Protein chains: 2
Amino acid sequence: MADDHDVQKLGDQLCFAVYSAAHAFTRVYKPLLAPLGLTYPQYLTMLVLWERDDLSVKAIGERLGLDSGTLTPLLKRLEKLGLVARRRDPQDERSVLIGLTAEGLALKAKAKDIPLALGCAIGRPWPDVIRLRQDIAVLRDALNATAEAAGPT
Amino acid sequence: MADDHDVQKLGDQLCFAVYSAAHAFTRVYKPLLAPLGLTYPQYLTMLVLWERDDLSVKAIGERLGLDSGTLTPLLKRLEKLGLVARRRDPQDERSVLIGLTAEGLALKAKAKDIPLALGCAIGRPWPDVIRLRQDIAVLRDALNATAEAAGPT
DNA sequence: ATGAATTACGTTGCACGCAATCTAATTGTT
DNA sequence: AACAATTAGATTGCGTGCAACGTAATTCAT
């Protein structure tokens, strides 16, 4: 049962496992985030800001692996929701600093039970989850290194 | 070093590892697929069809975890590229069967080296990759089960 | 110090991904 | 047979992602 492996078979692709798992995560998050009025990428952005406030668009982009083409409209939506404020960095007028509003900060408390709900959905012992997360992070870094080597632009 | 774990910290989230790994995959695939004129989701669709031809939109959707809102326009693009043909199922006029054209079938040969390139990009021994793929597939299935239990529509 | 790169962000265009809704075809019920 | 419920696709609208390009601010080189 080990060698009927077809490199062009969907089910045998690591990439598809990751692709479909990512979609599955957003499906699980959707009903949990709906009460907060957030989409999943918006939630990730809020996680970054709850960790460290007043970051530039660039810094947030590096953290999430997103560029301004994605972040600019996303941050404008968060601003419209009253969760963040945007202001030019006086030290460098090119940068836009994103700061949490009181409402944005308060949302952290409302979101605190979400990781627990996810833990249940994952349904696996913590050590396994930690190990899996680490393995996937290493994989991601290897892929990104390859992508940069191929076409750094 | 084991218990400074913050459940609201981005780096500690399994979901973010998966999210960013999925993006990393598409970045690696992009230059490999560009010569074929395919996007990554289009490539996944072709993998499905290379495995089994003449599938309905519904069947492809179940395989990839996508709905008609995503697949209909994607398949129309593949049709415009001359890779697939769309025809109503005579047995059930509701269904649309997707069949490979000669060109679509021929593309399989042109794509055969892509998995090898990915293997290099992943940069890890095969048994590890197999195990990781399996772990992630199990995770995905658990998440999808939770999502369905929460809101089956 | 001044013109040339570089950088940060914004905008546009295209391709997903999904909810919601619509139509047409099939199935189930009585 | 007639009508209701279900099913398969298509369409619309919105929110990502990302490439390509544009602008303004900063830095670098000479």
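On a predicted model such as this, the values are computed, not experimentally measured, just so you know. Protein chains get the first letters and strands the later ones, always in sequence-line order, with residue 1 at the start of each.
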(request) Summarise protein proximity over nucleotides 21-28 of chain C in one line of letters, 5' to 3': B for base, S for sugar-phosphate only, - for none, counting protein heavy atoms closer than 4.0 Å. (result) ----BS--

Please enumerate all residues that pass side-chain contact (heavy atoms from CB on, under 4.5 Å) together with [X], with sequence neighbours excluded.
{"X": "B:Gln134", "result": "B:Val138"}
{"X": "A:Asp128", "result": "A:Arg124, A:Pro125, A:Arg131"}
{"X": "B:Glu103", "result": "B:Leu83, B:Thr101"}
{"X": "B:Ser68", "result": "B:Thr72"}

(request) Go through the structure and list residues passing salt bridge (Lys or Arg N to Asp or Glu O under 4.0 Å) with B:Arg52, not counting sequence neighbours. (result)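 With neighbours one apart ignored, the set is empty.
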
(message) Among residues at least two apart in sequence or on other chains, which ones pass salt bridge (Lys or Arg N to Asp or Glu O under 4.0 Å) with B:Asp53?
(response)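 For B:Asp53, no residue satisfies salt bridge (Lys or Arg N to Asp or Glu O under 4.0 Å) once neighbours in sequence are set aside.
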
(message) Using OP1 and OP2 only, check whether a side-chain N or O of A:Arg27 sits under 4.0 Å from C:dA19.
(response)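 The answer is no; no side-chain N or O of A:Arg27 sits under 4.0 Å from OP1 or OP2.
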
(message) Can you tell me if A:Tyr19 touches the phosphate of C:dG17, counting only side-chain N or O atoms and a distance under 4.0 Å to OP1 or OP2?
(response)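 Result: yes.
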
(message) Suppose we screen for ring pair (Phe, Tyr, Trp, His ring centres under 6.0 Å). Which residues come up paired with A:Tyr43, at least two apart in sequence or across chains?
(response)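 A:Tyr29.
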
(message) Using a 4.0 Å cut-off on heavy atoms, which residues in residues 45-72 of chain B reach DNA chain C? List them by number, or say none.
(response)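 Listed by number, they are B:Gly65, B:Leu66, B:Asp67, B:Gly69, B:Thr70.
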
(request) May I ask you to test the B:Leu132-A:Ile136 pair for a side-chain heavy-atom distance under 4.5 Å? (result)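 Contact flag for B:Leu132/A:Ile136 side chains = yes.
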
(request) Answer yes or no: is there a donor N or O on one side and an acceptor on the other, between the side chain of B:Gln8 and the main chain of A:Lys108, under 3.5 Å? (result)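 A pair under 3.5 Å: yes.
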
(message) Please check: side-chain N/O of B:Thr45 versus main-chain N/O of B:Pro41, any donor-acceptor pairing under 3.5 Å?
(response)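 Yes, B:Thr45 side chain to B:Pro41 backbone: donor-acceptor pair under 3.5 Å.
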
(request) Would you grab the first and last nucleotide of DNA chain D (5' to 3') that comes under 4.0 Å of any non-hydrogen atom in chain A? (result)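 It runs D:dG15 to D:dT26.
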
(request) Give me the bend of the helix from C:dA1-D:dT30 to C:dT30-D:dA1, using the axes of the five pairs at each end, rounded to 10°. (result)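 Between the axes fitted at each end of the helix from C:dA1-D:dT30 to C:dT30-D:dA1 lies an angle of 20°.
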
(request) May I have the distance from B:Leu44 (atom CG) to C:dC16 (atom C1'), rounded to whole angstrom? (result)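 Nearest whole value for this atom pair: 12 Å.
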
(message) According to side-chain hydrogen bond (donor to acceptor under 3.5 Å, both in side chains), does anything in residues 80-90 of chain B pair up with another residue at least two apart or in another chain? List the pairs.
(response)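 Listed by first then second residue: B:Asp54-B:Arg87, B:Glu79-B:Arg86.
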
(message) Categorize A:Arg77 for me: base, sugar-phosphate, or nothing, with a 4.0 angstrom heavy-atom threshold over every strand shown.
(response)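 The residue A:Arg77 makes base contact.
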
